[in-house]
Novice: 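Structure incoming, see below.
All of these numbers come straight from a predicted model, not from anything done at the bench. In what follows, every chain begins at residue 1, and chains take the letters A, B, ... in the order their sequences are listed.
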Amino acid sequence: MLKAVQSDPQRIVGATPDRLYLYHDPQRCIGCYSCELHCKMKNNLPVGPRLCRIIEIGPRVGHNTLKMDFHFLPCFHCENPFCVHVCPTGAIQKRPKDGIVFVDSDLCIGCKCCIAACPWGVPQWNPETGKVVKCDYCMDRVDRGLRPACVTGCLTQCLHFGPVDQASDLLRQRYAESLEMAGGTTGRVTWIL
Amino acid sequence: MQTTKFSQCEMCSARCPIEVTLKDGEVEGIFGNPNVGSIGTRLCAKGAAAKWLLKDTEKPTRPQIRVGPRGSGEWRNASWDEAYAYIADRLKIIAEKYGPRSILVGWRGSLNNEFVKAFARGLGTPNDFTHNSVCPLSLHTACQATLGVGRKALGFDIENSEYVILYGRNIYESLTVAEVSQLMAATDNGVKIVTLDPRASKTAVRSYYWVRIRPGTDWAFNLALMNEIIKHRLYDETFIQKWVKDFDALRRYVEPYTPEWAEHETDVQAAAIRRLAREFSEARPKVIFHIGWFASRYVTEFHMRRSILFLNALMGNYEVPGGLFFKKGLADTGRKGMKELPETIDAPKGDRFDCVGPGKKFPIVDRSQGVAHMLAEAAETENPYPVKALIIYRFDPLYSIPDTNTLIKALNKFELVVDIDVNWSNTAWYADVVLPESHFLERGDPIQEREGLKPILALRRQVVEPVLETRPAWRIFKELAERMGFGDKFFYKDIDDYNRWKLSETGIDLTEFDKKGVVNLSGEKIYYDRETGLKFKTPSKKIEVISSKMEENGLTSLPAYEPVKVPEGKLRLIIGRNPLYTQGSMSNNKYVKEVLPDHPIWINKDTASRFGIKDGDRILVASENGSGTALAYTTDGIHPEAVFIPHAFGKRASAQSYAYAVGLSDSELQNTATDYVGGSAAMQECFITVEKMSR
């Protein structure tokens, strides 16, 4: 498995705006749910809305291998977000500078159009306020130079937050290393004895 | 205004160093202390959820005195003064009538050990005991009998190892942040994790090898592994010659235990055992056979743990990168140690309530640990003498000691039961008086020495004012001591005063914690010389195959292996931990419950179909000691002889609306089988029947 890719001081900042991306490295995830609880506490949410979710699949036992997967589901902060398009009041907006999709709670009328529109079930209903709430990458933290709460607390650092191209770099690096390590690379296959 | 403060978490006993951010004095968020390398900002789900626990009003909010029958949950509020007077009056009468030894003081290990122990000494009772007999005790005893030092003397340089072998030590579910970081770093470095577990734990699914071992046969597996390693001279001969006493006895002992013999017993193929023996030997000394933590599973626990110590010896892995090390502390950095309150008070002498001591039931168990699960027997039989008062600090015998029903009956023999805890526990619910301790963010505790290759001192500091009528432990025990007439022994004014006294000979000032929350004691990793400097404290100063301590006490160092059997028609209940709960004490958390309200019982698919059970069925689970129901989760990820539930569910204090009566409690099903050598309860000597419930 690969270590977290550190942000590169030599990065050339291009003319196009940087897009922030929260990349979940499933090979490092242990399904500890610290992301979910840190999110919940940071956003002071009641029971009900869960802005990110870990979904466990498995364990699955093959002939002589064991596998279990953990999927991390926050908001993808789409370039062309369904939720923004259907929102009748303009409450859901996309921040030009970094692409964060967020809800302006003052404008939300609780119509739930965004909940129906998002194919991934991201917008969440807050029963206390009667409005929608969603992952905004903890943008108040981001604006203070901090990482989102889920990333900050993540036990294995399987969550990476930064410019989107870092995630592609990490995956390419991993692919290249896996070509070198033919035959049972650590952490990816669990052999049953 | 935003501020940050450093402290230590206490949602479980890992006590990870934390950084708390506050906004206008209110807790905003809790993360790991970034000044501690192995922690960084990382903190588990429970630690995050500690923020909610501050506002939880389902804790005891002020001292409580029972008005209804025990366990009825009928309480009245009392002032602290009244509660102290109630306790002191009764303790004095009991001490006069039955002697101070009739007062038992039990606690779960915490930073406040020294106050509780000092309080017991002040009372004049030899009967203080830890919760360890339902946790690591047999491992501790095995280390003492073999190495001459306790289990906590050993550390593991996981990060630099090539193989880490885990005997059910479930690092990715029974979490400490530092260990998770180390194992993940080791994985980055290409380590091969070998997990022996009848269940596909989250550690198993992140391992290179999952050894799906038959439950209860780890010892047999180790005997065969040693047989192969010794037969083919795959061990470190130089190390053995230098540091192992009676190696020939070990050689002869393991001769009959071939991999073929073990295959039948363990369900692990002989070829796999042979292959592992070679892989480990090629990688030595960068191989860690992890000694574990929880060690209260089987009656042979002690001997299984000793076999792990032997395997480490065969690898010659002491004081090398990627191997085992003696943990280093203040003394190894040229400083004097911290003072501890109990050292200033004479330890009361006399026989203990739990039959610990030479010539007794537990001849080699450490007196300072005690055997908690002897509580019921001691109260019922009044042997060696009557016990009449029970003071419990943050330990929950009625939830963690096997066979709850028998213990409830035995507790009725006590004239006074006092419980001091942050939360309602099953035992607090059954007590006569409950003294509520403040949340860990609302109090300061004694300084912790976190020993390791690079030791540090850590400090829990008060972050916010208590919300409820609760008090910190340092104050509760001081005030109780005053009421009992030995307040002079608790001479400190407050926790800062106490910690300054603790530090007074170390040359370290309390203000040194201000900047980073911790004090680093060494910039470099400290190693002992592995040729001359290993600090085994046995009489021979070596790793003892034939243990002097055991032989002196009439115990057989190398007993024959007894095959493991499961009664016809029954399954073995195995237990473990879940990353959202870990221990039972914090289970009444609204936000933890939102993610995992209940836990199903794991049952092997083939076994389930034999009993006509399908995935999602509600099943009746019964042992000779108790019964309950749970939803079945059918999976190939568990050995066919076993069913699994984690320890954390089925709580019995109805004040806790989230945790009360949700799920299956392990201790209500277990019986009081015991490892009489090591001292631990044998919780997995528990056989149950399963039956699908009609709809």
Novice: Using a 4.5 Å heavy-atom cutoff, which residues in residues 587-596 of chain B come close to chain A?
Specialist: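 Near chain A, by residue number: B/Lys590, B/Tyr591, B/Val592, B/Glu594, B/Val595.
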Novice: Identify which part of B/Val180 has an atom lying under 4.5 Å from any heavy atom of chain A, answering side chain, backbone, both or neither.
Specialist: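 The side chain, not the backbone.
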Novice: After noting the C-alpha distance and the side-chain angles of A/Arg28 and B/Asp188, does the key distance pass the side chain to side chain contact (heavy atoms under 4.5 Å, CB included) rule?
Specialist: CA-CA 10 Å; A/Arg28 291 180 80 86; B/Asp188 291 333; 2.7 Å; yes
Novice: What part of B/Gln2 gets within 4.5 angstrom of chain A, counting heavy atoms only: side chain, backbone, both, or neither?
Specialist: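 When you check distances to chain A, only side chain atoms of B/Gln2 fall under 4.5 Å.
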Novice: So do B/Leu175 and A/Ile30 actually touch side chain to side chain, heavy atoms under 4.5 Å?
Specialist: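 A/Ile30 vs B/Leu175: side chains touch.
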Novice: Pick one of side chain, backbone, both or neither for A/Arg50, based on which atoms fall under 4.5 Å of a heavy atom in chain B.
Specialist: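 Interface part for A/Arg50: side chain.
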Novice: Go through the atoms of A/Leu45 and report whether side chain, backbone, both or neither lie under 4.5 Å from a heavy atom of chain B.
Specialist: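 Just the backbone, heavy atoms under 4.5 Å.
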Novice: Nearest 0.5 Å, what's the CG-OH distance between A/Leu193 and B/Tyr209?
Specialist: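 Answer rounded to 0.5 Å: 6.0 Å.
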Novice: Does anything in residues 113-123 of chain A form a salt bridge (Lys or Arg N to Asp or Glu O under 4.0 Å)? List the pairs, not counting sequence neighbours.
Specialist: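 Output for this query is empty, none listed.
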Novice: Considering non-hydrogen atoms only, spot the tightest contact between A/Gly31 and B/Pro579 and give its length.
Specialist: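 Where A/Gly31 meets B/Pro579 most closely, the heavy atoms are O-CG, 4.0 Å.
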Novice: Select one option (side chain, backbone, both, neither) describing which atoms of B/Ala204 are under 4.5 Å from chain A's heavy atoms.
Specialist: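 Interface part for B/Ala204: both.
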Novice: Which residues from residues 55-77 of chain A are near chain B, with near meaning under 4.5 Å between non-hydrogen atoms?
Specialist: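 Expected list: A/Glu56, A/Gly58, A/Pro59, A/Val61, A/Leu66, A/Met68, A/Phe70.
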Novice: Against chain A, work out which of B/Cys44, B/Gly29, B/Gly637 has the most heavy-atom pairs shorter than 4.5 Å and name it.
Specialist: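 Greatest number of close heavy-atom pairs with chain A: B/Cys44.
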Novice: Got a second to check how far B/Ile39's CD1 is from A/Leu155's CG, nearest 0.5 Å?
Specialist: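 The distance works out to 9.5 Å.
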Novice: Sort by residue number and list every residue of residues 132-154 of chain A having at least one heavy atom under 4.5 Å from chain B.
Specialist: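 Interface residues of residues 132-154 of chain A: A/Arg141, A/Arg144, A/Arg147, A/Ala149, A/Thr152, A/Gly153, A/Cys154.
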Novice: To the nearest 0.5 angstrom, please state how far the CZ atom of B/Arg206 sits from the CD atom of A/Gln27.
Specialist: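 Between B/Arg206 CZ and A/Gln27 CD, I get 7.5 Å after rounding to 0.5 Å.
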Novice: Measuring from A/Thr156:OG1 to B/Tyr172:OH, what's the distance to the nearest 0.5 Å?
Specialist: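 Spacing of OG1 (A/Thr156) from OH (B/Tyr172) equals 7.5 Å.
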Novice: Do A/His38 and B/Leu43 have side chains that approach each other closer than 4.5 Å (heavy atoms only, starting at C-beta)?
Specialist: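 Yes; the side chains approach each other to less than 4.5 Å.
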Novice: When rounded to the nearest 0.5 angstrom, what is the spacing between CD in B/Glu28 and NZ in A/Lys42?
Specialist: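 So the gap between those two atoms works out to 7.5 Å.
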Novice: Just how far is it from atom SG of A/Cys158 to atom CE of B/Met184, taken to the nearest 0.5 Å?
Specialist: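 These two atoms lie 7.5 Å from each other.
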